Every structure is written in structure tokens, then in C-alpha cells.
Amino acid sequence: MQNIIEIKNATLFQGGTRVFNNLNLDISSACNTAILGPNGAGKTTLLKLINRDFYPVVASNSCVKMFGKERWDVQELRSRLGIVSHSLQQNYSGDTIGLYVLLSGFYASDGIWQHQHFDEIKIQRAQAIAEQLGIAHLQDREFSSMSTGEQRRFLLGRALVHDPQVLVLDEPTSGLDISACFQYLETIRGLMSKRKKLILVTHHVHEIPPEIERIIFLKEGEIVADGDKEKLLNSEQLSKLFDCPINIVRSNGFYQAFPI
């Protein structure tokens, strides 16, 4: 199986802070994967590294490859890898309508600009995605007037317009109420049932759907555990990861954390 992500000996600084020191990480297309860690673990920086927003220190033995390649045209990469980050919600102007959020995915932008061209094929694709996600009735509504759950669905649609093989989700249910959380997770599970691969980056155990098989623990910029979900999602291992006593309960393939 081809690796989706291959990071070798990556050292990365943000300002004067070293976030990663010789980070090594391979994620293959063989299974769905969750990267779990507390705040400050380096999850956001890892996403920016994958998204080509950040680059590691140049070194002969270091590389960051996506689908086996170090260099990508951004548009081509977006056709294979769709990244959904809730931080994008802050980037759209208040009067941007839902359809434009979807269309912005074709240019990996955070809005629609005068130089961008959208032919009928692109518009029809965006509208089809809106139908698929149950948000077609909202496509003419201003983004700022939508609920957080509705906004999150449009951002998911933005990533799906290219029909990417892999989705990378950053804390996808953060800020959602229980109903919206359940609906969003059901949507993600539906996409996985249609052979989309998922890489989930989160500190929320309840966000991990049953289809996830591999768990990676990230803490203080280091991978501290990597393995099968059944071996890592337990009270002992998660208590070590988050430095507090945790009781883990499993139900219908989902996990929930409780204080001891």
C-alpha cells in the first residue's frame, strides 16, 4: 500500500520554539488513522506541515512526502487530499454565501475572487455536493448566519468538490451540540463506507468513529505510541497521554472519557 504521508527526520521551528525534532511518521492508505494528543502536542503544526503551510529545516536526510512525492502542484494535491480545519471558519467574510464556500475549494482559497473562473461543470459539482451533504437549501445563505454545524458541513463540502481519496479532519465536532455532532460523524462514516480514507487529528476521544483502526499518540512534539486502536484506547494509556486519571467506556464502537 502506498503511503499517504511520509515524514522523515523533520525538524520544525515556530518562531524560536522547536516543535518537532527529527519527527518520523508514515501513514499508509491501508487503514483509517487517528492522531490523538493534548493541547500543545503539535497537532496543528503537523496539519500545517501536511498542508504545505510550514516546511521543516532543510537537511539531506529529511523529507515530507505526500503520496510518494515531495513536490506538488497545490491544485493537483487537493484532488487527492482534502483537509477540513475548523479554523477556516474564521477566514470567510460574513457575506460569503454557502455556494461560494463550496466553490472556493477548487482554488484552495478562503473566498471567491474576481480572477477565478467557475464553469458550469464546477458549479454543478458544488451543487451536487450540497445535495449529498443535505445543505442545498442553504447554498444562498450567508455563511455568518449559519449554525456552527451547518458551517462545518460547507467546509467539508469545500474539501469534497475535488472528490479526494483522503480526508484529513481537524477536531471536526469541536463546537457542535450533541445532535450536530452525531449528524456530522454519521456523514463521515458514510464517506468512509464509500472508500474514502480518513486521517483524524483530535484531542476528543468521542470523535473517533468505529472505522478508525490505527491510533497515533502525539505529545510534546513526539510520537509516544502508535498501534492498534484496541491496544491504545484504554484508561491506562490515555491517562498517561493526558497526564490525568481517565476512565474509558466503549459503546457501539465509540469511546468516551470520564474522570476517575
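On a predicted model such as this, the values are computed, not experimentally measured, just so you know.
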Flag, side chain of [X] to backbone of [Y], donor-acceptor distance under 3.5 Å:
X      : Y      : value
Thr187 : Gln183 : yes
Asn24  : Asn22  : yes
Arg250 : Asn234 : no

- With the threshold set at 4.0 Å, does a side-chain nitrogen-carboxylate oxygen contact exist between Lys196 and Asp163?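 The answer is yes: the pair qualifies as a salt bridge.
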- Lys240/Glu236 ion pair, N-O < 4.0 Å: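 Here Lys240 pairs with Glu236 in a salt bridge, since their nearest N and O are under 4.0 Å apart.
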- Query: Is the shortest heavy-atom distance from the side chain of Phe67 to the side chain of Gln165 under 4.5 Å?
  - Reply: yes
- Query: Just wondering, do Val205 and Leu238 contact through their side chains at under 4.5 Å, heavy atoms?
  - Reply: yes
- Within the 6.0 Å centroid threshold, strictly below: His206 and Tyr255: no
- Item | Check: Phe118 ring centre within less than 6.0 Å of Tyr107 ring centre | yes
Under 3.5 Å, sequence neighbours excluded: what are the donor-acceptor pairs made by side chains of residues 55-64?
unit_1 : atom_1 : unit_2 : atom_2 : d
Ser62  : OG     : Lys8   : O      : 3.2
Ser62  : OG     : Asn9   : O      : 3.1

- Listed once per pair and sorted, the salt bridge (charged side-chain N to carboxylate O under 4.0 Å, His left out) pairs that draw on residues 82-104, sequence neighbours left out: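 For residues 82-104, and leaving out neighbouring residues, there are no salt bridge (charged side-chain N to carboxylate O under 4.0 Å, His left out) pairs at all.
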- Ignoring hydrogens and angles, state whether a donor on the side chain of Thr202 or Glu171 is under 3.5 Å from an acceptor on the partner side chain.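 Not at all, the side chains of Thr202 and Glu171 share no donor-acceptor pair under 3.5 Å.
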